[in-house]
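I have placed the structure first, in the form of structure tokens, so that the comments after it can refer back to it.
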Amino acid sequence: MTAPIKHYLQFADFTADEYAYLFQRAALIKRKFKAYEKHHTLSDRTLAMVFEKASTRTRVSFEAGMYQLGGSVVNLTSGDSQLGRSEPIEDTARVISRMVDLVMIRTFEQARIDQFAAHSRVPVINGLTNEYHPCQILADIFTYIEHRGPIQGRVVAWIGDGNNMANTWAQAAALLGFELRVSTPRGYEVDTNLAALDGNGGNKGWQNFADPMRACEGADLVTTDVWTSMGYEAENEARKKAFADWCVDAEMMVAAKPDALFMHCLPAHRGEEVTAEIIDGPQSVVWDEAENRMHVQKALMEYLLLGRLA
């Protein structure tokens, strides 16, 4: 009997044990990359990348990563494929998945990628949706492990919008056993159901803090994102006013532990969600974090296609 296809559509799709394997595998793959050693585990495999939202880091990290694994890449946007026209997404999924080995989609509503995966014959990866950004949190946690060791039992402070990143951090906290403190302005809170492992508000892995300074007290990691995510540009001015007290600055980092790290998924707006002093300072690991997207995604693609390797 054929095993069911494994997709990666949100952080809750994998177990803690699977993540332990992925982090270990990503470390091996990164070491080989730095040593210029070939690692062609996906020779003759093809990745289709479907972009309905613009991208820099997602495209480069997946495309370069697949080539480094010995595979090839087909890049599609809604402008040059039927996905953005009249063809039902189910039909597009049926066709594309007969021609490639793996599909990465960066889109708007989570329902679109769920629908695509339901009709795909190959694994589907969420490159970002309005609701979740699992590959980014995969990279963030791997980066934390590189710098500070296991994240279990640690304190992570999320400062800013209750967006797809916050939802994914909440799932990760419940699954991997660390404390997440979320601080957002009123009206921009995390959606309890989206942030839950079971999708019904259960398995809550986070606490809400009205005061961002309190959320940062004693934190091992302080992280944030832009105040206005893609697709919400019309709210930009209103968000700037609402989020004025949620800029990660030196005072917040002083409240955290002395060796606390700062992360941001990028692109960043210095002077808005974070000061230049912090993102360009010694506690910031944002460039390692950005590079690590490629390494963890290589481990992810390899795992979805080949399973666990010795």
Side-chain angles (χ1 to χ4, degrees), residues 56-57 133 136-137 139-170 172-173 176 178-190 195 205-230 232 235-293:
T56 300
R57 278 153 293 277
H133 200 357
Q136 182 64 57
I137 303 306
D140 293 358
I141 294 173
F142 177 68
T143 304
Y144 185 87
I145 292 169
E146 274 192 323
H147 284 268
R148 296 289 185 265
I151 199 167
Q152 287 83 357
R154 302 292 187 171
V155 176
V156 176
W158 173 264
I159 308 300
D161 191 16
N163 61 9
N164 53 1
M165 287 285 292
N167 294 336
T168 309
W169 269 115
L176 301 183
F178 59 89
E179 179 184 344
L180 178 67
R181 300 174 183 172
V182 175
S183 183
T184 70
R186 185 174 296 176
Y188 297 93
E189 295 89 355
V190 167
W206 56 280
Q207 291 178 284
N208 192 60
F209 286 75
D211 182 354
M213 283 294 295
R214 283 205 57 221
C216 290
E217 288 175 4
D220 297 281
L221 168 62
V222 178
T223 183
T224 190
D225 192 6
V226 294
W227 290 342
T228 306
S229 296
M230 211 177 301
Y232 297 88
E235 303 175 12
N236 194 42
E237 291 308 312
R239 283 174 173 263
K240 281 185 179 180
K241 292 177 183 176
F243 283 81
D245 293 331
W246 276 262
C247 174
V248 178
D249 57 14
E251 190 178 4
M252 287 189 193
M253 293 304 295
V254 166
K257 287 183 180 176
D259 66 344
L261 300 177
F262 171 77
M263 291 189 191
H264 190 306
C265 62
L266 304 176
H269 299 143
R270 291 165 174 79
E272 290 189 13
E273 72 273 6
V274 61
T275 63
E277 176 186 12
I278 296 305
I279 195 170
D280 298 320
Q283 290 173 281
S284 174
V285 291
V286 298
W287 314 120
D288 291 341
E289 183 186 359
E291 178 190 337
N292 282 337
R293 279 287 300 277

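All heavy atoms count here, side chains included; hydrogens, waters and symmetry mates do not. Index from 1, following the sequence.
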Is the backbone N or O of [Y] less than 3.5 Å from a side-chain atom of [X], with the two atoms forming a donor-acceptor pair by type?
X      : Y      : answer
Arg239 : Trp227 : yes
Glu273 : His269 : yes
Gln283 : Ala260 : yes
Thr224 : Gly160 : no
Glu289 : Ala139 : no

Which distance, rounded to the nearest 0.5 Å, do you find between the [atom1] of [X] and the [atom2] of [Y]?
X      : Y      : atom1 : atom2 : value
Met253 : Ser284 : CE    : OG    : 8.5 Å
Met252 : Arg214 : CE    : CZ    : 13.5 Å
Asp161 : Glu189 : CG    : CD    : 10.0 Å
His133 : Cys265 : NE2   : SG    : 5.5 Å
Ile145 : Asp140 : CD1   : CG    : 11.0 Å

If we ignore angles and hydrogens, is there a donor and acceptor under 3.5 Å between the side chains of [X] and [Y]?
X      : Y      : result
His147 : Asp288 : yes
Trp158 : Ser183 : no
Thr143 : Asn292 : yes

Candidates Ile278, Asp280, Thr275 - the one meeting side-chain contact (heavy atoms from CB on, under 4.5 Å) with Arg270: Asp280
From Leu180, Asn164, Val190, residue fulfilling side-chain contact (heavy atoms from CB on, under 4.5 Å) relative to Trp169: Leu180
Salt bridge (Lys or Arg N to Asp or Glu O under 4.0 Å) assessment of Arg154 paired with Glu179: CA-CA 6 Å; Arg154 302 292 187 171; Glu179 179 184 344; over 6 Å; no
Over all atoms of both residues, closest heavy-atom pair of Ala195 and Trp206: CB-NE1, 3.7 Å
Within 6.0 Å of CD in Glu235, more than 12 heavy atoms from elsewhere: yes
Lys/Arg-Asp/Glu bridge criterion (N-O < 4.0 Å) met for Arg148, Asp259: yes
